[in-house]
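Everything below concerns the one structure shown next.
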Amino acid sequence: MKKEMQATNVIESKWQKYWEENQVFVAQNDSDKPKYYYLVEFPYPSGAGLHVGHVRSYTALDAMARKKRMMGYNVLFPLGWDAFGAPAEQYAIKNHIHPKKAVEENIKVFKGQVKKLGMSVDWTREFSTTDPEYYKWTQWQFLKFFEHGMAYKAKKNINWCPKCKTGLSNEDSSGGVCERCGTQVEQREKEQWMLRMSDYAQDLIDGLDDTDFQERIKTAQINWIGKSTGAEVDFSIKEIDEKLTVYTTRPDTLYGVTFMVIAPEHPYIEKYASLIKNLDEVKKYQEDTKKKTEFERTQLVKDKTGVKIEGLTAINPINDTEIPIYISDYVMMNYGTGAIMAVPAHDDRDFDFATKFGIKIIPVIEKMTGEKRDNESYKKSIVAVLYDPKTNKYLTINWHEKGGRLFVGGTRKEDEPSLDCAKREIIEETGYTDFELVRTTFPVNHHYFAFNKNKAFEIDCDGFLFELKSDKKQDVNRDEDEIFDVEWVDEETVKKEIKDELHQTIFEYGVRSKAHTEGGKMINSGVLNGLTNKTDSIEKMIEYLKEKGIGREKTNFKLQDWIFSRQRFWGEPIPLVYCEDCGWVPVPEKDLPVRLPDVTEYEPTDDGESPLAKITDWVNTTCPKCGKPAKRETDTMPNWAGSSWYWLRYMDPHNDKEFVSQDALKYWGQLDWYNGGMEHATRHLLYARFWNQFLYNIGLVPYKEPFKVRVSHGMILGEGGVKMSKSLGNVINPDDVIKTYGADALRCYEMFIGDYEKEVSWSEKGLNGCKRFIDRIVRLGDKVIDGTSYSPNIEKIMHKSIKKVTEDIDSMKFNTAVSTLMILLNEMEKEETITKQDYRTLCLLLNPIAPHTTEELNEMYELGEPLCKSSWPTYDETKLVEEEKEIAVQVNGKVRATIKVNINDDEETIKGKAMQEENVIRHTEGKEIVKVIVIKGKIVNIVVK
RNA sequence: GCCUGAGUGGCGGAAUUGGUAGACGCACAGGACUUAAAAUCCUGCGAGAUUCAACCCUCGUGCCGGUUCAAGUCCGGCCUUAGGCACCA
């Protein structure tokens, strides 16, 4: 019975129409079935149309949604449009049409494309963030923030894009360039609406514990929030009666403070200007800093700059030492207190600064080398590195077998200053007399065991770097046991041959000239002296600071408040009115939404006001409170606003009384599975979680965390692993692919292409392979005969395949789900005939990935009711058990044969079978069998000697 | 620099609690069908040594070492790479 299949496009539109007309994918808000909510980030409907990257994540979620429905769930799988934002506005400015129109057109194109892919979306819940019925509730929720004191207006030094003429959040200007147009961002002071997001920093970290996000997403969020723990310390200033408070994560290094640095914007400069003797110089530095962009200030600067403030002197509260104060742009006003205590010995930045400005460096932590032992004898010693700049070599002492290569070293005599000791040792051991000190290195705390003396030692060692001036030498006077050669070697040899950890470390310190930022033994530190554990030292110091009232424990976050204003036309108007008498007054709920006016001019003004500011009819209004003339806020909300609650609206999209009904919120609960790009792992996801946590705290939503699972798909690159881009001409248009290969082949290919979470390259050949797979599925229909059970040869693999595909789709291992079906198809093709039942189950399993073809085959061969209304196939565990299995026989861990074993075989039988194998005999002959390991159903390993 | 992943054939990638490494697909080679091509079907396909051929053997999951009867998988130390954070004190 040969049947002819209709053309792919005919079948596809036929079933798409069927699904729509029969409302198969419409989710019910009241249902006895268990609920499941899948969501893929709604797209920005750009003019470019759908990308193959969209197809990947949409198909993945669609496959999971289709399968869940067949498993008896009430599935919510909606889609909508995130349509506010710059591109539509730019387009409108250029063409003088309302952005609304451009958006409408783009949505039409996008929706058509998504439908052509056969997505099982519930279109009855579709909306766009630009619909007044939707943004009414975005505005309403903003007013909730306002009412609860979570929104405030503040003068902010903001990132300003001179081309877009708008303020940008830190998030929108990462790297110092405008996210949208790539222009260098400037600093500008502006009144902005802010949301108190930093209040939620800790909650946003804690909340992650209640979610099941991918690890990389959690980490990205935690990094972004940037929590650090440490202490605040109050330094007094000699000349004034006010403290200078700093934030530090290393209070344990307080004794090593040799200067302080305040940010150029620090308020004390203004406040105590009269006391600053070099005010002009300081002011000039402030001006220079302002001109620098955030990017230059944070990314490009390698050289430290700064100015010492003459006339203000800080006092270290721990030891009453007087220390200078500098201003420098490496200290930021918006983090911590805008002031730091500088410990050049143990912080790289402070070290650089101190080196450049010639400030004292006091080490308070000694690196510990070697291994600590009991009953150590203590001594003090030195290591001296002598460098000859003429030959670029270092002076070493080669003990050969007796101790290898070392620098000059020695034990300090009682009360001998270490520098004297170093000089003496060089002269005594090598004879060189004409050299000069370059620098003293950090000391090292070293532990070692002297075998010749059978004794353990602890030494505190000072290190020195000297430079040779001339070859002048005197006779050496060595002890009898001092048998070594004096050799000049290059740096490479030093690194290779000097094995002693102490000498290595001193060399590093001397030559590299870097701060010692790791832990070690506390020195020069009063109460902390001798401690060797960093955490203990910090704790003890904080206790001490608290006791003395000069400091306290403190946690800081990098996460800042959310700048919520944009000076743009195409965004949600901020629903506030400014009245001379009443101040900022919310627009009453009955007057929401505050609609965008219908005009034709959208250019931002040159002074940075929103385009709305020019529309006087719209701006002028009356105060909702006192009725006097008042003005509307002309700033609009950022693009992130509409996407910060949209998943809630899908639960109840047509409600005109509430943003979402409480019943709907309770029924749908948390979003079970949220998919989106890695580029949204920080910003969008943090904004959305913050928004939801706020709604939860004021009792508007039942869950604190909105998303249970968050996964990110990998990007699809062009062939050869380069990014798809218009300029490279390697962009794949899904419409073209559907035309040539069909939607099912495209879906199947994108699921088979590789690990869902990883980046993959597009391959036309691979796509063709999947097309072949679909064609073979169709051709298999020729073999179908009546039958309501599985064919005997197929039964076992059928149950196995059902199990595998069921598990794989749920865990997003689509590539192995497809390959399982390929294997199943290969097996079925070997049969003369297959039953309807065989074929129907194959179609059911493939349906989530290739829904059109499988529905058609199901109908064509009269296999049963439409697949979209059918149940997901089940498997029988007992059918999975293999009666007979081939297992490997190893000899000493190497596979030497395979044997067939029965499920009932006991160990002795299996062992017997294994020992009979010719190749096993060959490898065991004449050898002693130590033991035989038999793992039932898996492996036999024979160990011989 | 810090934090998270990831490194397996020519390529995309499989491999359960450690138990036959390379499933499945692509590419390639040979063959069948065809006047021919496309399509389709069959066979082979990690590297090397050996052989007429087959069996058989050696090596092989980024590198070095360890645990184990047995390591892609576990442990320690590196290297490379992708992403996140970054003068954040």
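Bear in mind the structure is a predicted one, so any value in this text is a computation, not a measurement. Just the heavy atoms: all of them, side chains too, but no hydrogens, waters or symmetry mates, feed the values below.
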[N], OP1 or OP2 - any side-chain N/O from [X] closer than 4.0 Å?
{"X": "A:Arg896", "N": "B:U20", "value": "no"}
{"X": "A:Asn768", "N": "B:G25", "value": "no"}
{"X": "A:His346", "N": "B:A89", "value": "no"}

Footprint string (nucleotides 3-13 of chain B, 5' to 3'): B base within contact, S backbone only, - free, heavy atoms under 4.0 Å: BSS------BS
Mind checking [X] for me? I need base, sugar-phosphate or nothing, with any heavy atom below 4.0 Å counting as a touch.
{"X": "A:Thr898", "result": "base"}
{"X": "A:Thr517", "result": "nothing"}
{"X": "A:Lys218", "result": "nothing"}

Nearest-nucleotide pick for A:Ile935, side chain only, options being B:C56, B:G19, B:A15: B:G19
Which nucleotide in B:U20, B:A89, B:G19 has an atom nearest any side-chain atom of A:Val895: B:U20
Base orientation of B:G66, syn vs anti, 90° cut from 0: anti
Dot-bracket pairing map - RNA chain B, Watson-Crick plus G-U, both contacts under 3.5 Å, | cross-strand: (((((((..(((......[....))).(((((.......))))).(((........)))..(((((..]....))))))))))))....
B:C87 base / A:Lys304 side chain donor-acceptor hit below 3.5 Å: yes
A:Phe690 ring center near A:Trp640 ring center (under 6.0 Å): no
